Amino acid sequence: KSPQVLSQMLDLEAARIIASVLEKNGIRIITGRDAKEVLGRESIEGIILDNGERLNCQMVIIGKGVAPNTELATSGGIKVEEGIVVDEFLQTSDKDIFAAGDVAETFDIASASRRINALWPCAVEQGEIAALNMLGKKVIYDGSLSMNSVDFFGLGCISMGITKLKDEKGYEVISKVGEDIYKKFVLKENRIVGMVLVGDIRVAGIVSALIKNKIDVSSIKHLLLDDTF
């Protein structure tokens, strides 16, 4: 249904490169369409798209995203917005109840606002910190960071933090694009807050540390796109 592949993970330029690689390997991509009907009784025979086109197939995979199950928290009177709202100790609005993982709305390092980053590494880290705070250790959770990593036919791709901007005011975007190479860094006040890498992903670990530690990169900003960085 989205206008591009991996719309939650990539910007348009990176998606164009990924789509090209998928198509070169025999995968037909249809964007901007939804599945209206699944055909077949004993087994899958095909689907009908919302424009009436029929696609014959033997398998249908549905990936429409997830939403946190906050029913228990809501019924218990705990504050819920997009997810279960927690403070820097992963404590909910009820001082005796903590939340962690995919249901927890925590501080997001890149956007400096609360959001859900439903990722395995975030859940593991949050679970450990929530447990320590339940034991009275008073450990502060620095925040989560959205991050995705995939590989298509040997072409690596990693995105992190803010990758698409609705309003570029206050942000600086540095990018370089090649046939199967794309590098993009989103900066705010000389600190990296987002990154997209396609093809050459070697610097992902370094950039992740720069984002998480909010390092001022003004002195090395001109080097970010260099192959030797």
Side-chain angles (χ1 to χ4, degrees), residues 1-33 61-66 108-111 115-125 143-168 170-229:
K1 186 66 175 177
S2 301
Q4 66 177 72
V5 298
L6 301 171
S7 59
Q8 299 299 307
M9 172 182 174
L10 301 177
D11 62 4
L12 196 58
E13 190 61 52
R16 182 192 61 78
I17 296 172
I18 296 298
S20 175
V21 170
L22 293 173
E23 287 168 341
K24 285 176 184 176
N25 284 274
I27 296 174
R28 180 187 173 198
I29 299 170
I30 302 170
T31 57
R33 290 293 172 202
I61 300 170
I62 301 172
K64 294 293 286 185
V66 295
D108 179 77
I109 295 170
S111 65
R115 62 169 290 176
I116 295 174
N117 286 319
L119 301 168
W120 174 253
C122 296
V124 171
E125 186 179 15
S144 58
L145 184 66
S146 62
M147 192 183 311
N148 287 282
S149 174
V150 290
D151 185 288
F152 296 105
F153 302 102
L155 184 72
C157 176
I158 292 178
S159 71
M160 196 177 299
I162 300 171
T163 58
K164 295 186 291 184
L165 294 169
K166 294 180 180 178
D167 182 4
E168 294 191 8
Y171 292 92
E172 180 182 2
V173 177
I174 302 173
S175 64
K176 179 173 76 173
V177 62
E179 185 178 354
D180 286 337
I181 294 286
Y182 181 57
K183 296 180 180 181
K184 174 182 174 180
F185 300 98
V186 179
L187 293 86
K188 185 174 185 179
E189 297 175 352
N190 287 317
R191 289 172 173 80
I192 302 174
V193 294
M195 169 195 75
V196 180
L197 298 174
V198 178
D200 184 359
I201 59 175
R202 293 172 296 173
V203 300
I206 295 171
V207 176
S208 172
L210 293 173
I211 295 175
K212 289 179 179 178
N213 291 289
K214 303 175 184 177
I215 302 299
D216 187 319
V217 297
S218 53
S219 63
I220 58 168
K221 191 163 55 175
H222 62 291
L223 301 172
L224 290 175
L225 298 177
D226 287 1
D227 293 338
T228 55
F229 175 69

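All values derive from a computational prediction rather than experimental measurement. Only heavy atoms go into these numbers, but all of them, side chains included; no hydrogens, no water, no symmetry mates.
Note that CG of Leu119 and OG of Ser149 are 11.5 Å apart. Values are rounded to the nearest 0.5 Å. A distance of 11.0 Å separates CE of Met160 from CD1 of Ile109, quoted to the nearest 0.5 Å. A distance of 11.5 Å separates OG1 of Thr163 from CG of Leu12, quoted to the nearest 0.5 Å. Separation of atoms CZ (Arg115) and CG (Leu145) is listed at 9.0 Å; rounding is to 0.5 Å. Atom-to-atom distance recorded for Ser159:OG and Leu10:CG is 5.5 Å, nearest 0.5 angstrom. Atoms CG and CG, on Asp180 and Asp200 in that order, are 12.0 Å from each other to the nearest 0.5 Å.
In this view, Ser144 and Thr106, Asn117 satisfy the side chain to side chain donor-acceptor pair (under 3.5 Å) rule, not counting sequence neighbours.
Side chains of Thr31 and Gln4 form no contact here, defined as non-hydrogen atoms less than 4.5 Å apart. The side-chain heavy atoms of Val5 and Phe152, taken from C-beta on, include no pair separated by under 4.5 Å.
Sequence neighbours left out, the pairs with a member in residues 7-16 that pass side chain to side chain donor-acceptor pair (under 3.5 Å) are Ser2-Ser7, Asp11-Tyr182, Asp11-Lys184, Glu13-Arg16.
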TODO: May I have the step-by-step check of side chain to side chain contact (heavy atoms under 4.5 Å, CB included) for Phe153 and Ile18, ending in yes or no?
DONE: CA-CA 10 Å; Phe153 302 102; Ile18 296 298; over 6 Å; no
Open item on the list: Quick one, Leu210 with Phe185, criterion side chain to side chain contact (heavy atoms under 4.5 Å, CB included). Give me CA distance, side-chain angles, the key distance, then yes/no.
Closed with: CA-CA 12 Å; Leu210 293 173; Phe185 300 98; over 6 Å; no
- [ ] Could you please spell out the steps behind the side chain to side chain contact (heavy atoms under 4.5 Å, CB included) verdict for Tyr171 and Ile162?
- [x] CA-CA 10 Å; Tyr171 292 92; Ile162 300 171; 4.0 Å; yes
Task: Working for side chain to side chain contact (heavy atoms under 4.5 Å, CB included), residues Leu155 and Ile17 - done: CA-CA 10 Å; Leu155 184 72; Ile17 296 172; 4.1 Å; yes
Do any side-chain atoms of residues 216-229 form donor-acceptor pairs under 3.5 angstrom with protein atoms, and if so which ones, sequence neighbours left out?
unit_1, atom_1, unit_2, atom_2, d
Asp216, OD1, Ser218, N, 2.9
Asp216, OD1, Ser218, OG, 2.7
Lys221, NZ, Glu172, OE1, 3.1
Lys221, NZ, Asn190, OD1, 2.9

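Contact between Lys214 and Arg191 at its shortest, heavy atoms only, is O-NE, 2.8 Å.
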